[in-house]
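What follows is one structure encoded as structure tokens, with my remarks underneath.
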Amino acid sequence: MAAVLIVEDDQERQAVIAEVVGRLGHRVVLAGDGRAALTAAVAHRPDLIIADVDTPHVDSARMRRGLREHPTTADVPVVLITAHQPPGDTELAEAEAVTVVPASFSAEELTETLRGCLEAPAEARGPDFTEALLRSLDAGVVACDLEGRLVVINQPVRDFFGDDSLGVPARDWAERFKLRRDDGSPLDPDDVALYRALRGEEVQHDVILAHDRQDRPRWFAVNARPVRDAAGQVLGAVAAVHDVTAEHHQHQYERCKSEVLKVLVHATDTASAGAQVLRAMADGLGWPYLRLWLVDPVTDRLRPAATHLAPGSPPIELPPALDRGEGLAGSCWERGEPIWVPDLRAPDIPVLIRPAEAGHYRAALAVPVRSAEKVVGVFSCFIHEHQDPDPALTLLLTGIAGHVGAYLERRRSEELSHQLAASVGEYIALVGHELRTPLTSIGTYTDLIAEEPDQTTVGEIRELLTVIERNNARLRSLVERLLDLSALETGQAELLTAEVDLASVVAAAAAGFSVRTDLPERLTVPGDRDRLRQVAENLIGNAVKHSPEGGMIQVSLTTDEDAAVLTVTDSGIGIPAGERDRLFARLYRASNARHSDIPGAGLGLALSRAIVELHGGSITLDEHEGGGTVATVRLPRRPGTIGPARPGRPDETLGGNH
């Protein structure tokens, strides 16, 4: 198939010639005047030129001289069409036309003439090197005439903008194809690189943003310059268009990773770290919706830890928890590998997407968050555009997820390290106070008894013996609780598991105190009845000790998904600032409790935490809005989620709550 350049300002005659050339099976390039023809021929060498003798701006003779002056077009054959001059006219000879066709030609005459020209040996026409070259280039090539009409668009540009892009003037491309600058702002029509080159400007690496026919963003670097004749006169402009999307993404990903690492370095706690990481990812990648899910160890389900929603983007209504394999995040958790959904509306998507997830977004992906070899969470992302799997982006997100997993592991290690350091310090305090004080009393009163005369009766020293007995019991209790805690933490103490009515356990623990209760008729959990009562008594006892006489203490038991939730709320002295995380360390007592002479050894919360965690649950302390403290225990209601245990007898009090 040959390329035929038709130079004709008469629209009807131009259409007839184009029709004849098309029926012969060749490609048509149109130009309305001689100047545009020169620009088109230099930018994309034709196999044949059909030109009217009297073309505007540059006549056929001058056009042919211009073609001869350029090495790539010097041998292009020309067919002239004349309406007024006879074929033997000397002016026609100057144009060196291979043949002359009268303007009154018939379709049959023109067909035969052109067939003879186009079917001549290749040596007579010259190789179609330029066409093959332009077609094989990775870069796009666009050329326009002096009026801004496009005369050349090679295949890479056509593939992106469509075959009808040839009919769009250079100045209209910004509006027609919604071109934007690198920063996303609209591109002004006068700033289109090809149009700037037409004004005589040399344009280098002008980066623009465009969207393909699937609405995917692509970045292009454009180099453009004017096309000039031998005298330096501008005939048109040509531009080379390079796809730099991969390079843009590489820089974008590096910036995003850097911002995430900054967040993790400076984050003060895990709660704020998640939200800040999502914000950094959204800013760096331009994504409208991201969510971080973390595995709840109590219920073994995914729960949202942080969500980022860009302004103006629609939210996604998702449940408060997901099971393995449920939705995008649950499927990612179950598989333990990234999941891409390029098009949420496609019939063959790789996971079962919930309707809310596909409501307003086009593509989605999810990446597992690992701590060591265990999946502890999932990043899920939803975007407006079609998004094909991108290995570089997968690597970035996997790396970010790995850093977040390492951060969570490090925070846990730091917490354990602080607890250990606090334990060592408190053991020293124990020797100095909890052990030395009763031992001093025992030793002192023993000395007093030893100094009594031999004839002293037991009745006379009974009060001294009572003090010794009380301090001895205090020491024995302290040692027994320390040994019990050590056994629980090392796994040497086993849980006697059975189906337990937690409502009756809490009711029995609260019976010895003046507290308000809000308990269901029955709420069963798998666990050790005596150990769970120990937890309830510790928490209720703490609330009573740390509250003023007549203060409000509320004990409630509810359900949360697959967990039972015990809440003890008091109006007491509260938690000193900065001490909340240390209250579960063994032997640690809050500073306000020590200064208030409230009795205690600092073991109740440590024991409670050990018991709750062996049941697969969690225990937290928070400040109460009206003053005081809220202790919350969450226990799994499903079997198979508790720690070292052995089977026990079923709870014999099922069905009652008092």
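Heads up: numbering here begins at 1 and tracks the sequence. The analysis underlying the following values was restricted to heavy atoms, covering all of them including side chains, and did not include hydrogens, waters or symmetry mates. All figures in this text were calculated on a predicted structure; none of them were measured in a lab.
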Write out all pairs satisfying side chain to side chain donor-acceptor pair (under 3.5 Å) with one or both partners inside residues 392-407, taking only residues at least two apart or from two chains.
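Counting only pairs at least two positions apart or across chains, the side chain to side chain donor-acceptor pair (under 3.5 Å) contacts touching residues 392-407 are W340-T394.
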Which heavy atom of F220 sits nearest to which heavy atom of A210, and what is that distance?
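Answer, listing the atom of F220 first, then A210: CE1-CB, 4.2 Å.
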For L322 against A329, the heavy-atom pair lying closest together:
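Taking L322 first and A329 second, the nearest heavy atoms are CD1-CB, 3.9 Å.
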Test ring pair (Phe, Tyr, Trp, His ring centres under 6.0 Å) applied to W173 - qualifying residues, sequence neighbours left out
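Applying ring pair (Phe, Tyr, Trp, His ring centres under 6.0 Å) to W173 gives F161, F177.
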For W287, give me all partners under ring pair (Phe, Tyr, Trp, His ring centres under 6.0 Å), at least two apart in sequence or on another chain.
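Result, ring pair (Phe, Tyr, Trp, His ring centres under 6.0 Å) vs W287: none returned.
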Go through it in stages, so that I can follow the logic: the residues are F379 and L290, the test is side-chain contact (heavy atoms from CB on, under 4.5 Å), and I'd like the CA-CA distance, side-chain angles, deciding distance and then a yes or no.
CA-CA 7 Å; F379 277 119; L290 300 96; 5.9 Å; no
Are H384 and Y361 close enough that their ring centers fall under 6.0 Å?
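Centroid separation for H384 and Y361: below 6.0 Å.
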Going from CG on L179 to CD1 on I208, what distance comes out if it is rounded to the nearest 0.5 angstrom?
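So the CG of L179 and the CD1 of I208 are separated by 5.0 Å.
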Out of curiosity, L621 CG to N542 CG, how far, rounded to the nearest 0.5 Å?
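Those atoms lie 8.5 Å apart.
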Can you run down the salt bridge (Lys or Arg N to Asp or Glu O under 4.0 Å) pairs that involve residues 388-403, sequence neighbours left out, and say none if there aren't any?
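Output for this query lists R216-D388.
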Among residues two or more places apart or on two chains, list those pairs meeting salt bridge (Lys or Arg N to Asp or Glu O under 4.0 Å) that have a residue in residues 279-298.
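For residues 279-298, and leaving out neighbouring residues, the salt bridge (Lys or Arg N to Asp or Glu O under 4.0 Å) pairs sorted by first residue read D296-R303, D296-R634.
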Polar side-chain atom of D501 near backbone of V525 as donor-acceptor pair, under 3.5 Å
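Here the side-chain-to-backbone pair does not exist.
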Would a distance-only check, ignoring hydrogens and angles, find a side-chain to backbone donor-acceptor pair under 3.5 Å from T245 to W219?
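Confirmed, T245 side chain pairs with W219 backbone.
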Under a 3.5 Å threshold, yes or no: a donor from one side chain and an acceptor from the other, between N538 and S608?
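There is such a pair between these side chains.
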Can Q534 and R531 be counted as having a side-chain donor-acceptor contact under 3.5 angstrom?
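Looking only at side-chain atoms, R531 and Q534 do form a donor-acceptor pair, the distance falling under 3.5 Å.
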Would you check, one step at a time, whether the test side-chain contact (heavy atoms from CB on, under 4.5 Å) holds for L365 with L397?
CA-CA 10 Å; L365 60 148; L397 295 177; 2.9 Å; yes
Using the side-chain contact (heavy atoms from CB on, under 4.5 Å) rule, pick out the option among L264, L292, L261 that qualifies with V277.
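Checked L264, L292, L261 against V277; only one passes side-chain contact (heavy atoms from CB on, under 4.5 Å): L264.
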Using side-chain heavy atoms (C-beta onward) and a distance below 4.5 Å, is S380 in contact with W293?
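Yes - at least one pair of side-chain heavy atoms lies under 4.5 Å apart.
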In the structure I gave you, are the side-chain heavy atoms of N223 and H205 within less than 4.5 Å of one another anywhere?
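Yes. Closest side-chain heavy atoms under 4.5 Å.
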Could you tell me whether R196 and D191 have a side-chain N and a carboxylate O separated by less than 4.0 Å?
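Answer for the salt bridge query: no.
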Look at R255 together with E259 and state whether they make a salt bridge at an N to O cut-off of under 4.0 Å.
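Answer for the salt bridge query: no.
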Taking side-chain contact (heavy atoms from CB on, under 4.5 Å) as the definition, give me every residue that meets it alongside D343, ordered by chain and number, with sequence neighbours left out.
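With neighbours one apart ignored, the set is R345, A346, R362, H386.
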